Amino acid sequence: CAGARDRAVSPRYGIAGRVIERNWVDVDGASLHYRRSGAGEPVVLIHGLSGSSRWWSKNVEALAEQFEVFVIDLVGFGHSRGRDGFVLADSAILVAHWMDALGLERANIVGHSMGGFIAAHLAAEFPDKVQRLILVDAAVPLPRQRRLRHVTHLGRELRHTPVRFLPLLATDAVRAGPRTVWGAFNQLLVADIERELSRIQAPVLIIWGEHDTLVPPGTADRLTELIPHAQRVIVAGAGHKPMLERPAEFNARVLEFLSPM
């Protein structure tokens, strides 16, 4: 991909005995940070609004036992920055170019919340790049509600978030800054790729938290109707972040889908 190049590679470090690499790649005017671990078929994890690559901390080790796992920070979040800031409409293209820069011709893509929107957009626009697709409480499509109601639902979701996760949410939101978070939120409210979902060719697993108040489980039913070859799984007892709240079940479901017998 023109305009893409490695900028820096940090020293390796181990987490729970597994080696992880932190890298940055310059793509289309953005400096994209990502973490890589494991070996095998590639799996790319894309975080949601106000998140970062750290939101997958309870999943990487399990997935890296069978796959090469890439966890990316979107522009403006985590350690990634871009000259134009975060632009939702351009994010799928940016991820595709990032894959080109790394030599990833095809990968399994997992996206959470806003990352699910980007993952679905990527699968619709670049079908040859997506082997299998997993949408986790994906904000696709968001219910057409007033901003105030979405903010109210966000507050309700935070009240149901386990206390141990609040420092992670808070530090990632502060790092991104209110301008990036609010801008991404407003872009997501008006974005619409519903018509594009029927173009997704990859097998799709839709994973949803039973008690998600931010993007209700009924959205999973709607996505199952709109996307060909889609199947749905509800994670009991989980809210909007099943990969953090119920990691053992989440990891098992993902591995089962990505490693069919």
Side-chain angles (χ1 to χ4, degrees), residues 43 45-52 54-63 71 108-120 123 132-146 148-170 172-173 185 188-189 193-194 197 200 202-260:
V43 175
L45 307 177
I46 307 174
H47 66 81
L49 178 63
S50 80
S52 75
R54 300 192 303 163
W55 284 40
W56 304 101
S57 60
K58 293 184 176 294
N59 318 115
V60 170
E61 184 179 1
L63 298 180
V71 193
N108 300 292
I109 308 294
V110 185
H112 169 248
S113 194
M114 183 179 74
F117 179 102
I118 294 167
R132 288 176 179 267
L133 176 66
I134 300 178
L135 303 178
V136 185
D137 294 73
V140 188
L142 271 179
R144 293 299 182 232
Q145 300 171 344
R146 294 180 181 272
L148 180 59
R149 182 170 295 183
H150 279 293
V151 172
T152 301
H153 289 174
L154 177 59
R156 189 180 304 160
E157 178 65 30
L158 288 174
R159 288 198 300 272
H160 288 87
T161 299
V163 174
R164 65 185 181 276
F165 298 139
L166 293 179
L168 172 64
L169 273 61
D172 279 343
F185 173 70
L188 193 58
L189 285 185
I193 60 167
E194 187 168 321
L197 298 178
I200 294 176
V204 179
L205 176 64
I206 297 169
I207 301 180
W208 227 267
E210 177 187 19
H211 302 304
D212 189 344
T213 59
L214 194 58
V215 187
T219 308
D221 297 330
R222 178 62 174 157
L223 287 175
T224 305
E225 296 173 357
L226 293 172
I227 301 176
H229 319 298
Q231 54 184 289
R232 179 182 64 100
V233 169
I234 299 297
V235 180
H240 187 61
K241 301 170 286 297
M243 70 283 190
L244 283 172
E245 298 164 9
R246 297 291 187 272
E249 180 176 353
F250 179 88
N251 295 339
R253 295 288 191 175
V254 170
L255 288 170
E256 180 183 17
F257 178 70
L258 296 182
S259 307

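Only this structure's heavy atoms are used, side chains among them; waters, hydrogens and symmetry mates stay out. Note that the coordinates shown come from a computational prediction; the quantities given were computed from them, not determined experimentally.
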Is there a donor-acceptor pair under 3.5 Å between the side chain of [X] and the backbone N or O of [Y]?
X      : Y      : result
Glu210 : Gly237 : yes
Trp208 : Val215 : yes
His112 : His240 : yes

Side chains of [X] and [Y]: closer than 4.5 Å at any heavy-atom pair?
X      : Y      : answer
Arg132 : Leu205 : no
Val233 : Phe257 : no
Ile118 : Ile109 : no
Asp137 : Leu214 : no

For [X], side-chain contact (heavy atoms from CB on, under 4.5 Å) partners two or more places apart:
X      : answer
Ala202 : Val130
Val235 : Ile207, Ala238, Pro242, Arg246, Glu249
Asn251 : Asn59, Ala62, Pro247

Under the side-chain hydrogen bond (donor to acceptor under 3.5 Å, both in side chains) test, which residues partner Trp55, sequence neighbours left out?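 Counting only residues at least two positions away or on another chain, Trp55 forms a side-chain hydrogen bond (donor to acceptor under 3.5 Å, both in side chains) with Asp172.
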For Ser50, which residues count as a side-chain hydrogen bond (donor to acceptor under 3.5 Å, both in side chains) partner, sequence neighbours excluded?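 Checked Ser50 against side-chain hydrogen bond (donor to acceptor under 3.5 Å, both in side chains); zero matches.
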For residues 224-238, which residue pairs pass the salt bridge (Lys or Arg N to Asp or Glu O under 4.0 Å) check, not counting sequence neighbours?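 Those involving residues 224-238 are Asp221-Arg232, Arg222-Glu225.
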Can you check side chain to side chain contact (heavy atoms under 4.5 Å, CB included) on Val60 and Leu45, steps first, answer last? CA-CA 9 Å; Val60 170; Leu45 307 177; 4.2 Å; yes
